[in-house]
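Atoms considered below: every heavy atom in the structure, side chains included; atoms not considered: hydrogens, waters and symmetry mates. Only a predicted model underlies this, so the values are computations on that prediction, with no experimental measurement involved.
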Amino acid sequence: MFVLELTYTAPLDAVDALLPDHVAWLEEQYDQGFFLASGRKNPRDGGVIIAVAEDRARIEELIAADPFSVGGVCTYRITEFAATKTVPELERHRQTPG
């Protein structure tokens, strides 16, 4: 499981210009089962995505295709973690310690 933290590197008007494409990209990732939750940070200086994938390389591929990345309006910080405890709805993503 991964926590993806976006930090805007451009003014909000530049971010907002790419927002419709970014939202469409998000929907694709949800449809493919990669993203579990996402949203803006408060204050609005970026966002957070909770994601699942087979490995970090796959996450990096996904991020590279984000219109925000392509447009150069944000940077990503990727944190990988083992979800050893989850709510029942996320049980299929639970990992055993080891």
Side-chain angles (χ1 to χ4, degrees):
M1 194 168 281
F2 299 85
V3 176
L4 312 178
E5 183 180 2
L6 294 76
T7 300
Y8 298 146
T9 58
L12 285 179
D13 60 336
V15 172
D16 287 341
L18 295 172
L19 191 56
D21 292 337
H22 173 73
V23 170
W25 171 81
L26 286 171
E27 289 301 325
E28 289 175 21
Q29 308 323 308
Y30 277 104
D31 290 346
Q32 293 179 36
F34 290 114
F35 290 177
L36 304 178
S38 61
R40 292 178 178 170
K41 291 193 288 186
N42 186 14
R44 188 179 173 207
D45 60 0
V48 175
I49 301 169
I50 306 299
V52 292
E54 57 273 14
D55 56 33
R56 185 184 180 99
R58 183 65 177 123
I59 290 294
E60 289 172 352
E61 288 175 15
L62 295 174
I63 289 169
D66 177 1
F68 279 1
S69 292
V70 174
V73 300
C74 83
T75 58
Y76 271 90
R77 178 176 173 225
I78 303 169
T79 303
E80 184 173 0
F81 73 102
T84 56
K85 185 152 181 73
T86 65
V87 295
E89 295 84 359
L90 295 177
E91 185 172 355
R92 68 187 181 108
H93 300 293
R94 203 175 293 162
Q95 297 173 283
T96 57

Inset, instruction - Test side chain to side chain contact (heavy atoms under 4.5 Å, CB included) on Lys41 and Thr7 and set out the steps. - result: CA-CA 9 Å; Lys41 291 193 288 186; Thr7 300; 3.6 Å; yes
Inset, instruction - Check whether more than 12 heavy atoms from other residues, nucleotides or ligands sit under 6.0 Å from atom CZ of Arg77, and answer yes or no. - result: no
Inset, instruction - Look at the aromatic rings of Trp25 and Phe35 and report parallel, tilted or perpendicular, splitting at 30° and 60°. - result: perpendicular
Inset, instruction - Treat each ILVMFWY residue as a node, draw an edge where side-chain heavy atoms are under 4.5 Å apart, and state whether Ile59 and Phe34 are in one component. - result: yes
Inset, instruction - Check whether Leu26 and Leu6 end up in the same hydrophobic cluster, where Ile, Leu, Val, Met, Phe, Trp and Tyr are linked by side-chain heavy atoms less than 4.5 Å apart. - result: yes
Inset, instruction - Please report the closest heavy-atom contact between Ala83 and Met1, naming both atoms and the distance. - result: CB-SD, 3.9 Å
Inset, instruction - Would you kindly confirm whether Ile63 and Tyr8 end up in one hydrophobic cluster when ILVMFWY residues are joined by side chain heavy atoms under 4.5 Å apart? - result: yes
Legend entry - Contact summary for Gly33 and Val52, nearest pair of heavy atoms: O-CG2, 3.3 Å
Inset, instruction - Identify whether Phe81 and Ile78 are in the same connected component of the hydrophobic contact network (ILVMFWY, side-chain heavy atoms under 4.5 Å). - result: no
Inset, instruction - May I have the step-by-step check of side chain to side chain contact (heavy atoms under 4.5 Å, CB included) for Asp21 and Val70, ending in yes or no? - result: CA-CA 11 Å; Asp21 292 337; Val70 174; over 6 Å; no
Legend entry - Separation of Leu4 CG from Glu60 CD (nearest 0.5 Å): 10.5 Å
Legend entry - Gap separating the CD atom of Gln32 from the CD atom of Glu27, nearest 0.5 angstrom: 12.0 Å
Legend entry - Any Val3 side-chain heavy atom under 4.5 Å of Ile50 side chain: yes
Legend entry - Minimum-distance pair of heavy atoms, taken over all atoms of Arg56 and Phe2: N-CZ, 3.7 Å
Inset, instruction - Can you measure from CZ (Arg44) to CG (Leu12) and round to the nearest 0.5 angstrom? - result: 5.0 Å
Legend entry - Heavy-atom pair with the smallest gap, counting every atom of Thr9 and Gly72: OG1-O, 3.3 Å
Legend entry - Residue pair Ile49 / Tyr76: nearest heavy atoms and the distance that separates them: CD1-OH, 4.0 Å
Inset, instruction - Would you check, one step at a time, whether the test side chain to side chain contact (heavy atoms under 4.5 Å, CB included) holds for Phe68 with Leu19? - result: CA-CA 8 Å; Phe68 279 1; Leu19 191 56; 3.8 Å; yes
Inset, instruction - Identify the heavy atoms of Leu18 and Pro67 that sit nearest to each other, and give their distance. - result: CD1-O, 3.6 Å
